[in-house]
Asks: 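Once you've had a glance at the structure underneath, I'll fire off some questions.
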Amino acid sequence: MASARVMVVRGSLMLNAVLVLYLCLTWLSTTPSHHTATSLHIHAPDPGPIYSGQASQEQSQGGKSSTAENAGLNLDSGPLGQPPPAIPQVDSVPVDDGLRDISLGGRRTLGQLPDQGVAAPGGMDASGGAAEPEEPPREVQESAGVTEHLVVEPLANEPPDPPLDSMERKMYPDLRDCTTRTVRPFYQQRGDYWVLENYVPAVMSFRCDESVTYTTHGDYTFLDNLDPLTSRWQGPVSIAVYAPGDDFEATVNIILYLRDCWAEGIKKYVTFHVYFHVAHTPRKVPSTEELLKRKTDCGLEPPKWMNVTTYRQRKKLLYPVNIARNIARLAAPTYFVFPSDVELYPSINFIPEFFKLLKKPDKSNTTQPRVFVFPIFEVRENVSVPENKGELQKMLQSKDAVPFHKNVCAKCHNVPMSQEWLVAPVEPGLSVFHVGKRKPPYHKWEPIYVGTNKEPLYDERLSWEGKSDKMTQMYILCVRDYEFHILDNAFLVHKPGIKHINKDPLREKIVASQNRAIKTKILPEYKTIFGIRKNCII
């Protein structure tokens, strides 16, 4: 009996051992190995596929290679004969779900890092041993913005929402929904003028909500000012160039020379629009494509644009300044625009500081429409133009700088709180120093400001020679009760040389004629269309 019990017990133990062995083998056959997960850089729970830049690139070019093939993985069979782990197709993954190249602002998928091998199938290295995940060099990680484990948070394409109490949310709620204009050559008639819009486009492009366009005008004799302007502005510039008759060919040659040989910023930032009167159409108008194919020999004598007599001067044509202003402003690719003159150079670092200002609480407690005003100054000839307010204050103390048009028309640029602005200590960043209105004693004020294309346009019947060419627009702003937010730490400086009154009998006749037209014809129209408000005058 005892021996029988022993045999029963032994048989029971052997059966249990066989059962345990079977269960272990079954569990192993259904569990993926640790090394396989490591070789794919997949963590549980799976946060989403991480794929190589080659796959992303081939997808963007219409390639049909699978993610597994591009990664160099053999997934014909899974561990212990099970099916391979599923790798989602690249097409099904949102752009934001992969690794991002932070150095490029998250605008493209990060490719395979240099010197980073792909683990062999099953987590084995080339020699058959267990493969450890190879970490890329530290400098590669830092340049790509990759963490130690090569996993980064996806970057949002859209900027973060503005604070609830910000000026942007209060006054410009449509900024985030603005439409970015396509910069393409487009020819159109504007009254008696032909306009070649975007005739020579800038190399760089900008979204409508990420910059401010400096819009300006001139003929080819003023284009050398684009070098100091672009070096300070560091953003898009839209310029309308008047080029009637023979001035057209000279204008084209100078534009190409300045882009290729004069200053890198001109080619990067400036889009040129060319316009001329139908009665002074040039003999030939090359296409934009033809112009951009031309090669400029920078070793040759540059074309002349200073100390010359232009076609416009020979024909005694008036300069249609307000047509130019409207062409340049309406063609701007951005939501915010800065209509100014090409000889007015801005203080540095304005654009990023302006967008920071929009994130701050509003200086005004109203919702009245507003524009952002730059104080303007002149400096003596042969002195450097100041870059910031600290430099400007020193030049004002030494009399190397004076308020704009101090000796020509001081009341035209008499800025409210100007004396306080001049002596106020320099604070970091951009801010609104004072909120003013265009009412006495500032009823003749002609501020230059940042605004949007919602602001009224300029009256195209007025010429530069007749003066008061911006006063009609100022009347509309006054009637609509605009606020003028005078900026601190932002200003304009005219091209060096302090102006004085220069008597010109011929121009005085043109001024008298234009003033009569404003008083007898234009002002009555404006009163009918825009209304009347006390102290609003032209």
Side-chain angles (χ1 to χ4, degrees), residues 184-201 215-223 225-226 237-256 258 270-288 290-291 303-306 308-332 339-343 456-473 504 506-518 521-522 525:
R184 62 180 181 85
F186 180 74
Y187 300 172
Q188 62 174 313
Q189 273 188 288
R190 192 180 188 94
D192 290 333
Y193 291 85
W194 274 108
V195 179
L196 313 183
E197 187 175 308
N198 302 319
Y199 190 49
V200 183
T215 71
T216 190
H217 59 91
D219 62 25
Y220 73 80
T221 64
F222 287 83
L223 296 184
N225 292 287
L226 291 174
V237 175
S238 173
I239 181 169
V241 186
Y242 186 44
D246 295 342
D247 285 350
F248 183 88
E249 184 177 359
T251 297
V252 168
N253 292 335
I254 290 165
I255 289 174
L256 297 179
L258 293 175
V270 182
T271 293
F272 295 87
H273 322 283
V274 179
Y275 72 108
F276 45 81
H277 196 280
V278 294
H280 302 277
T281 302
R283 289 188 293 270
K284 183 181 179 182
V285 177
S287 68
T288 296
E290 180 183 343
L291 289 182
K304 294 183 179 180
W305 67 83
M306 292 178 282
V308 296
T309 301
T310 65
Y311 175 92
R312 179 175 74 85
Q313 291 169 333
R314 293 198 306 270
K315 297 294 184 178
K316 296 181 171 55
L317 302 178
L318 298 180
Y319 178 59
V321 60
N322 282 348
I323 293 178
R325 287 186 175 123
N326 291 339
I327 291 171
R329 205 190 85 177
L330 292 173
S340 185
D341 291 336
V342 73
E343 290 185 304
L457 294 172
Y458 301 90
D459 196 303
E460 298 185 0
R461 293 169 288 186
L462 305 179
S463 70
W464 174 80
E465 289 82 1
K467 298 184 179 181
S468 302
D469 43 79
K470 294 196 293 288
M471 297 295 280
T472 51
Q473 194 213 41
D504 183 349
L506 179 59
R507 187 174 185 183
E508 289 178 1
K509 291 182 180 179
I510 300 172
V511 171
S513 175
Q514 186 153 293
N515 283 341
R516 283 195 300 272
I518 291 173
K521 181 176 176 61
I522 295 177
E525 292 175 4

Asks: Tell me, do E197 and I327 make a side-chain contact under 4.5 Å, heavy atoms counted?
Replies: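 No. Closest side-chain heavy atoms not under 4.5 Å.
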
Asks: Can you check side-chain contact (heavy atoms from CB on, under 4.5 Å) on T310 and K315, steps first, answer last?
Replies: CA-CA 9 Å; T310 65; K315 297 294 184 178; over 6 Å; no

Asks: L196 versus F272: any side-chain heavy-atom pair under 4.5 Å?
Replies: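 No, side chains not in contact.
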
Asks: Give a yes or no on whether the backbone of I239 and the side-chain of T216 come within a donor-acceptor separation of less than 3.5 Å.
Replies: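 No: the side chain of T216 does not pair with the backbone of I239.
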
Asks: When rounded to the nearest 0.5 angstrom, what distance separates CD1 in I518 from CG in D469?
Replies: 8.5 Å

Asks: Donor-acceptor pair, distance only, cut-off 3.5 Å: does the side chain of D247 make one with the backbone of Y220?
Replies: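 No, D247 side chain to Y220 backbone: no donor-acceptor pair under 3.5 Å.
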
Asks: Where do Y458 and R325 come nearest, in terms of heavy atoms and distance?
Replies: CD1-CB, 3.7 Å

Asks: Please identify each residue that fulfils side chain to side chain contact (heavy atoms under 4.5 Å, CB included) with D219, with sequence neighbours left out.
Replies: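 Scan of D219 (side chain to side chain contact (heavy atoms under 4.5 Å, CB included), adjacent residues dropped) gives T221, F222, R312.
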
Asks: Below 4.5 Å, heavy atoms only, C-beta onward: do P286 and F248 meet side chain to side chain?
Replies: yes

Asks: Can S468 and L462 be said to form a side-chain contact (heavy atoms from CB on, under 4.5 Å), step by step?
Replies: CA-CA 8 Å; S468 302; L462 305 179; over 6 Å; no

Asks: Please report the shortest heavy-atom distance between S238 and A328, naming the atom on each side.
Replies: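 S238 and A328 have their closest heavy atoms at OG-O, 2.8 Å.
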
Asks: For H280 and Y311, work out which heavy atoms get closest and say how close.
Replies: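 Distance-wise, the nearest heavy atoms are ND1-OH, 2.8 Å.
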
Asks: Tell me whether T281 contacts the main-chain N or O of V278 through its side chain, where contact means a donor paired with an acceptor under 3.5 Å.
Replies: yes

Asks: List the atom of V308, the atom of Q313, and the distance in Å for their closest heavy-atom pair.
Replies: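 Scanning both residues, the minimum pair turns out to be O-OE1, 3.5 Å.
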
Asks: Which atom pair, heavy atoms only, marks the closest approach of W194 to Q188?
Replies: CE3-O, 3.4 Å

Asks: Tell me if a side-chain donor or acceptor on N322 pairs with a main-chain N or O of D459 at a distance below 3.5 Å.
Replies: yes

Asks: Considering residues at least two apart in sequence or located in another chain, which fulfil the side-chain hydrogen bond (donor to acceptor under 3.5 Å, both in side chains) criterion with S463?
Replies: Q514

Asks: Evaluate the side-chain proximity of T288 to P201: yes if any heavy-atom separation is below 4.5 Å, no if none is.
Replies: yes

Asks: If you round to the nearest 0.5 Å, how far is CG of N253 from NZ of K304?
Replies: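 Separation between the atoms: 14.0 Å.
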
Asks: Not counting sequence neighbours, which residues clear side chain to side chain contact (heavy atoms under 4.5 Å, CB included) with S287? List them please.
Replies: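 For S287, the residues satisfying side chain to side chain contact (heavy atoms under 4.5 Å, CB included) (neighbours in sequence not counted) are E289, E290.
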
Asks: Under a 4.5 Å cut-off applied to non-hydrogen side-chain atoms, are L330 and L457 in contact?
Replies: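 Contact flag for L330/L457 side chains = yes.
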
Asks: Can you list everything that forms a side chain to side chain contact (heavy atoms under 4.5 Å, CB included) with E460? Sequence neighbours excluded, please.
Replies: R190, I323, N326

Asks: Okay, side chain of Q473, backbone of P456: is any donor-acceptor separation there less than 3.5 Å?
Replies: yes

Asks: Does the ring centre of Y242 sit less than 6.0 Å away from the ring centre of Y275?
Replies: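 Under 6.0 Å, so yes.
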
Asks: Looking only at non-hydrogen atoms, find the nearest pair between R314 and T309 and report the distance.
Replies: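 Answer, listing the atom of R314 first, then T309: NH1-O, 3.5 Å.
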
Asks: Can you check whether V321 reaches E465 side chain to side chain, under 4.5 Å on heavy atoms?
Replies: no

Asks: Do Y199 and H273 make the cut of ring centroids closer than 6.0 angstrom?
Replies: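 No - the distance between ring centres of Y199 and H273 does not fall below the 6.0 Å cut-off.
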
Asks: Only counting residues at least two apart or in another chain, list the ones meeting side chain to side chain contact (heavy atoms under 4.5 Å, CB included) with A332.
Replies: T213, T215, V337

Asks: Taking only residues two or more places apart in sequence, or in another chain, which ones meet R329 in a salt bridge (Lys or Arg N to Asp or Glu O under 4.0 Å)?
Replies: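 Counting only residues at least two positions away or on another chain, R329 forms no salt bridge (Lys or Arg N to Asp or Glu O under 4.0 Å).
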
